[in-house]
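Reading through the structure tokens given below for one structure.
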Amino acid sequence: MKELINKYSLEIDTFAAKDYLELEEFRIKYLGKKGLLNGLFEEFKLVSVSEKKEIGQLINILKNKIQDIIVFQKQKLDNTELKSSECDTSLTGYPVPLGSRHPVSFVKNQIIDIFSRLGFTVSEGPELEDDWHNFSSLNFPPDHPARDMQDTFFVEKNPDILLRTHTSPVQVRVMKNQKPPIRTISPGRVFRNESISARSHCIFHQVEGLYIAENVSFADLKQTLLYFAHELFGTETKIRLRPSFFPFTEPSAEMDISCSCQGQGCNLCKYTGWLEILGCGMVDPNVLENTGIDSSKYTGYAFGLGIERIALLKYKIKDIRLYFENDVRFLKQFESIY
Ligand code: 2NL
């Protein structure tokens, strides 16, 4: 009987099915009701008690071998079938994973929505600017440090051309091309020659706002910014204005919002209870005149904020560099915002 088992085993080892039909014939030959394996089991009944254990094991090994070779040969046939037709049309398509909004885009859109409700339009302009639109028209003195080669990215062959350091030049273009009343915001990418760290980056995004009409006052500015803070951070938010300086506004101020920890102790506000979120002021009359607006008839306010900073506070992001690395593990955390 051992010889028969050996013979079958050899036959199985060298078996290679040409097609599914041949494989099925092989299966029936060995595993079918009247197949060779059942023949072996019949003969097994007659084996002497002393040999039963050994022969029984051999038959079982043979049975497993047959089953394995059938699975293996079927896979081989499946693969060649796939190759010959180049694609398996029975496979379902891969679902395309849905992306999510970048937190900077999300906050930018929120800010646009808020000011749109107050009648502000959205204006855009070039990222490559000239000195006049970025600095001179905005009342920057000729020796202002921001004009330094080290502070701003200049075009080497023509230092009159530079990467805009704020989106104010967009508003300068609006003031030149439109008559008051002007009510616009300008979101966009800006550039500063700063070393990159957790807190600062050479690229960031800004939204500036400008309102020019007759009798625009600091009270209008304050009330508009209060509405903005309530819409973006919640109606329980308080605002605080601190005197400051910008070349293009007079008077100038910086605005803080109350921290949600109420000064109780939080790393974000460093136990002060206040978070700085934007700069603002009344447009300097020189800027109005530089852009062809009669400063004896019109007044206006302006403000500017960094979007990354706002998103940083809103979502408690620890490092500004995360915005620019395009790491999906970071971006995936914002799937729920829209
Ligand atoms: C800040 C401060 C500010 C403005 C931007 C502005 C624009 C024109 C005229 C006058 Cl055309 N002012 N923009 C005014 C005050 C502050 O930004 O810290 N931004 C991140």
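Side chains included, hydrogens not; waters and symmetry mates left out as well; all remaining heavy atoms used. Computed from a prediction, not measured in an experiment: that's the story for all the values here. Counting starts at 1 for both ligands and their atoms, following the listed order.
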Would you mind writing out a table of all protein N or O atoms found under 3.5 Å from any N or O atom of ligand 1, naming both atoms and giving the distance to 0.1 Å?
residue  : atom   : partner : partner atom : Å
ligand 1 : 13 (N) : E208    : OE1          : 2.8
ligand 1 : 19 (N) : Q206    : NE2          : 3.4
ligand 1 : 19 (N) : G304    : O            : 3.3

Item to check | Side chain proximity check, Y315 to V107, heavy atoms < 4.5 angstrom | outcome: yes

Next on the checklist: Between R309 and E276, does any NZ, NE, NH1 or NH2 come within less than 4.0 Å of an OD or OE carboxylate oxygen?
Outcome noted: no

Checklist entry - Salt bridge or not for R147 and D151, using N-O below 4.0 Å? => result no

Would you tabulate the side-chain donor-acceptor contacts of residues 209-216 under 3.5 Å, counting partners in other chains and residues two or more places apart, or write 'none'?
none

Item to check | Note: R199-E194 ion pair, threshold 4.0 Å (strictly below) | outcome: no

Checklist entry - Any side-chain heavy-atom pair from R117 and Y227 closer than 4.5 angstrom? => result yes

